[in-house]
Each structure stands twice: as structure tokens, then as C-alpha cells.
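The structure appears right after this line, and notes come after that.
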Amino acid sequence: MDRGIHVVGIAGPDRLDGPPSLDLDYSMKGGRSVISMALPMDVSAIDAFLSKRSPAPHNLDQFINYQRLFRVETELADYLISLGYRARALPTSADYRRSPYVFSLQPAFSMRYAAIASGIAGQGWSGNVITKEYGAAVYLGAVVTGARLTGDLPLPADYFYETRCKKCRFCARSCPSRMFSDRENERYLLNSELYKRGKRRSVELCKISCFGLHSLSYDRKWTNWGLHWIDDWVEKEPNTKKKTALLAALLRRGLTTGDSMPRFDILKRLCTGSYPGEVKRFLPSLDNFPQDEAERYRILAAFIRSLGVQGIDDYPIPMVCGHCALVCGPAPEETRRRYQLLISSGLVVPGEKGQMKKVETYEEASLLRRRHPLRSPFYRNLRDTFASLYLWHRHYCGLGLHSHLQAIRYRRRMKKALCERADHKTSTM
Ligand code: B12
């Protein structure tokens, strides 16, 4: 709290019975407890992002806060080590388990389950976790330790569903690809309780809009800040039952943009390590961020280059979506306000010299796209495809037998819990 993080909680050894990605041993042998923390996203940066004024402040905000979290985590881990315990600062993202399918994105450790288990947040409809203080618009961090700590009280399993999500669902409507249903739900098992969230139609859809590969909403009235559209999806929603077709769309689009590798590499470098020096020495604060858009891009591009990532100088905006978390504020009226901003502010598409231009209608957006098509040269795409495949396979390809056995056991337990719940429901009817 001295370091400016006001949402902090602890989950002790008795509160860590859940999906495989809550297994502390995977991240640190002998892990017994976890300390979770959340930092709020800046609301003025969210407003600029959702209203299509600029994506730059929210990107700057993410850069600053992922670094801030990692530094505070490291400081806390060092403190625990100085007391004689084992401890480790956990990467805030891009730290996935090895799998034969390298894009499965199963995290080494799930910050969301940890946040719920340590009482700082509750399950939200979108899959994001919601804090009482800031809604779902937060960055999460965690430290694992060998110390046996006393846990904080968690919120009841359906706390936010009952108090907010049941009547809201703006998160579902703010996802360009409608990754999760706004009606049907699904459940998962954590500490012997079943938690409810919106049924995911396919996580591939989320990857497609969060990586900016399809940015247009199905009603064609708004977009996120991504550069691309999947042409087949403009006229007709994809069939989410056809998993291989979705995967093919993801790969076909993702591997032909010419910049997939550097865009992901930024997140990886930002979330898995500390950049040397004080954050304020290499990034301006939001208050000191210039108003001029070109100047903002220059600052972000210079920072990205200094991370060792080349190739996205023209549009140094790696975070182009995340709407489902961004719209979810600390109170229903605030969520409604943000959702209205998103759906009433039109579309952004690359215009002259690839610069993002805001327009009011789908027709104007299509015209601009036809006039200024984004063409990435063949040799650039080829290089990017190989670089991407190399990066993903080098870091995330493998068998991960133990994780998969854990997942099978977990699925069995979950099935049983769901059956018991159904039996209980019919016997009480
Ligand atoms: C992978 C990932 C993504 C992926 C996939 C998202 C997804 N829906 O799973 C992509 C890139 C698409 C993504 C998008 C987003 N993300 Co993200 N992402 C993560 C990451 C690394 C892991 C998320 C996770 O826990 N997913 C997968 C599993 C564990 O969850 P699950 O599906 O419920 O698991 C089920 C099964 O898979 C199985 N299972 C569980 N574990 C395992 C393990 C194995 C081996 C197997 C086989 C099965 C299995 O059991 C579960 C129940 O059935 C975390 C960082 C972290 N390390 O926690 C950030 C994180 C969750 N993301 C975050 C955010 C903010 C976002 C975005 C809003 C974009 C953004 N950055 O602005 C969107 C939101 C999308 C959404 N509605 O969920 C925040 C969450 C903030 C919050 N309030 O909850 C996090 C915590 C980053 C952070 N440090 O702040 N994300």
C-alpha cells in the first residue's frame, strides 16, 4: 500500500484448490500462498480510447502500470526473501504453459483466479474479474511465496453476477467479435464452489479482436483500434461451431499482417521483466503526455524500440481492444456511460499513409479502406510468419504432460460438481 497499490489481498494454502493454472508449484516449487494486487486503469485514457479520440494514452497507461506492478511485485518478493521465505514475482502476462498447440494461451499462473481466491475481486460476466473499487478495468499482479499466510475473505461466488452483471452485460455487447454470450452462462470450480460467467463462444474470437485482426462490430457501427478486417466476417458472422475454420481465419489473417511478431513481443517483454531504471525516466506520466498525436506515437515508438522490438514505428499501438474490461466501471451508471461512448463514436480505419482516421459510417470506412489498402510486402510477411512461428514455438511448444493430467482430473471434478448441482436443483423443485 505504501507503493500506491490499494487493492491487495492474500490467498493462503487452504484457498488454492482450483483449475490447473492456480497451481503455485508450477511457478515456484513449494509455493504455499499468493499475494494478489490490482492497479486501476486510468479513466481519462479509457475515455479517449473508447471515444476514438486516441489509443495512445491507454497504451502508455498499460506500459507504465505493467512495469509498476512488476517492480512492486519484485520488491515484495525480495522483502519476503529477506525474511527467510522463498518468493517470486510473477509475470503479469505472456507467460504461457507449453502445449502442442502453441496458441492455447494457458497461463503458467492465472492472476484472475488468484484475485478471486485472495478476496480482492469477484468473477465478472466477461471472464474478467471485477473489483469493488474500480470495476474490471484493472491490471492484476501477484507474488507467490513459500510462507504460509492467513488468507483474506473471498467474496461470495456469484457476488457480482447478482449485484451487477445480471442486469448489465454491456461487456458482451462491447466485444467486436462477440466472444462470449450475453445470455448463456458457463461455470468453473474454485475452492469447491461453482463460479458463473458468460459462456464463451470461442476464445479464438477474442484473440482475433484483441490482436486487431478483425476490428469491426457485427452491426458495422463501431470498431476497436485494430488495423484489419476479415472480409468474410463483414457480411456474415462466423460460425463459431466450426473450430477449425476459426483457427484458419486466425492464422490466415495473423500471419499476413507483416507485424504479428513485434506486436506480441512488446507484451512479452513488458510483462515478463523489469526495464532498467525508474519508470518515469523512460516514459512520461499521463499528465505530461503531449496532446499532439504524432509526438505521442514518436514517444511510444522510441520506448518500444528501446525494449528491443523493431518494426511497428508507424503504429506503435499494441493494445487495440480490451473493451470488455474497459467498459466495466465501479458502478452500473459508469459502465453504461463508457458503453455509450464506445458505440456512439463511430469507426476508425487506416487512411492516408496508414494514419488512423475516425469516420461516422461503415460506408465511409469501407471507402477509405478501398482507397488506402494496407499492403504488406510479400517478403515482409514471410519474414514475420517465420519470426512469429519461431517465437511461439521456442517459448510455448511442448507436451506439458503434468498440466494436461491436472486438466483432465480438474474437468472430472468439475463435471461431478455440475451433476451434483443439477441433482440438488431437481430434488429441491
Ligand atoms: C491468456 C490471456 C489472454 C488471452 C485469452 C483470454 C481468455 N479469455 O482466456 C487473450 C490474449 C485473448 C486475452 C485477452 C484479454 N485480456 Co488477458 N490475459 C491472459 C492471461 C495471460 C491468462 C488468462 C487466463 O487466465 N486464461 C486461461 C485459463 C486459465 O482460464 P479459463 O479459460 O478460465 O480456464 C478454463 C480451462 O482452460 C481450464 N484450465 C485452467 N487452467 C488450465 C491449464 C491447462 C494446462 C489446461 C489444459 C486447462 C486449464 O479450466 C478453466 C475452467 O474451465 C492473463 C495473465 C495471467 N497470467 O493471468 C491476462 C489477463 C487475464 N488479461 C487481462 C486483460 C485485461 C485482457 C483483455 C481485457 C485485453 C487487455 N489486455 O486489455 C482481454 C479480455 C478477454 C476476456 N474477456 O477474457 C487481465 C485481466 C484483468 C481482469 N480484470 O480480469 C490479465 C490478468 C492481465 C493482467 N495482468 O492484468 N488475455
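Side chains included, hydrogens not; waters and symmetry mates left out as well; all remaining heavy atoms used. Indexing begins at 1, ligand by ligand and atom by atom, following the structure's order.
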Atom 19 (C) of ligand 1 - nearest protein heavy atom and its distance = Ser93 OG, 4.4 Å

Should you measure from each heavy atom of Tyr188, which atoms of ligand 1 turn up under 4.0 Å away?
-> 52 (C)

Can you tell me which residue and heavy atom of the protein come closest to atom 30 (O) of ligand 1, and the distance to 0.1 Å?
-> Tyr113 OH, 3.4 Å

Got the closest protein heavy atom to atom 58 (O) of ligand 1, with its distance?
-> Met111 N, 2.8 Å

Would you say Arg200 contacts ligand 1, with heavy atoms under 4.0 Å as the rule?
-> yes

Are Thr256 and Arg253 linked by a side-chain donor-acceptor pair shorter than 3.5 Å?
-> yes

Per-atom contacts of ligand 1 with Ser403, taking only distances under 4.0 Å to non-hydrogen atoms | 45 (C)

Is there a donor-acceptor pair closer than 3.5 Å between any side-chain N or O of Arg201 and the backbone N or O of Arg178?
-> yes

Parallel, tilted or perpendicular: which fits the ring planes of Tyr139 and His58, with parallel below 30° and perpendicular above 60°?
-> parallel

Taking all non-hydrogen atoms of both residues into account, name the closest pair between His404 and Leu399 and its distance.
-> CD2-O, 3.4 Å

Regarding Arg169 and the six-membered ring of Trp125, is the cationic atom NZ or CZ under 6.0 Å from the ring centre and inside 45° of its axis?
-> yes

In Å, rounded to the nearest 0.5 Å, how long is the span from CD1 of Ile304 to CZ of Arg263?
-> 8.0 Å

Please report which non-hydrogen protein atom sits nearest to atom 16 (N) of ligand 1, along with the residue it belongs to and the distance in Å to one decimal place.
-> Arg112 NH2, 4.1 Å

Quick check: are there more than 12 heavy atoms from other residues, nucleotides or ligands sitting under 6.0 Å from NZ of Lys358?
-> yes

Which one of Cys206, Ala94, Ser126, Cys175 has a non-hydrogen atom at the shortest distance from atom 13 (C) of ligand 1?
-> Cys206

Which residue owns the protein heavy atom closest to atom 72 (O) of ligand 1, what's the atom, and how far is it?
-> Gln62 NE2, 3.6 Å

So is Gln406 close enough to ligand 1, meaning a heavy atom under 4.0 angstrom away?
-> no

Numbering the atoms of ligand 1 from 1, which are under 4.0 Å from a heavy atom of Ser21?
-> 29 (C), 40 (C), 41 (N), 42 (C)

Is the shortest distance from a heavy atom of Met179 to ligand 1 less than 4.0 Å?
-> yes

Please verify whether a non-hydrogen atom of Gly322 lies at under 4.0 Å from ligand 1.
-> yes

Nearest neighbour in protein (non-hydrogen) for atom 90 (O) of ligand 1 = Leu140 N, 2.8 Å

In this structure, CD of Gln310 is separated from CE of Met261 (nearest 0.5 Å) by 10.0 Å

Near Pro107 (heavy-atom distance under 4.0 Å), the atoms of ligand 1 are 22 (C), 24 (C), 25 (O), 26 (N), 27 (C), 29 (C), 57 (N)

State whether Tyr26 and Arg97 meet the cation-pi test: NZ (Lys) or CZ (Arg) under 6.0 Å from the six-membered ring centroid, and within 45° of the perpendicular axis.
-> yes

List every atom of ligand 1 that sits less than 4.0 Å from any heavy atom of Phe109, numbering the atoms from 1 in the order shown and giving each element.
-> 56 (C), 57 (N), 58 (O)

Any atoms of ligand 1 less than 4.0 Å from a non-hydrogen atom of Ala407? List them with their elements.
-> 46 (C), 47 (C), 48 (C)

Note the single closest protein heavy atom to atom 3 (C) of ligand 1, along with its residue, its atom name and the distance in Å.
-> Leu105 CD1, 4.7 Å

Distance only, no hydrogens: is a donor on one side chain within 3.5 Å (strictly under) of an acceptor on the other, for Ser388 and Thr385?
-> no

How does Arg411 reach ligand 1, by side chain, by backbone, by both or by neither, if only non-hydrogen atoms under 4.0 Å count?
-> neither

Which ligand 1 atoms does Met414 reach within 4.0 Å, using its non-hydrogen atoms?
-> 53 (O)

Less than 4.5 Å apart, any side-chain heavy atom of Leu267 and any of Thr272?
-> no

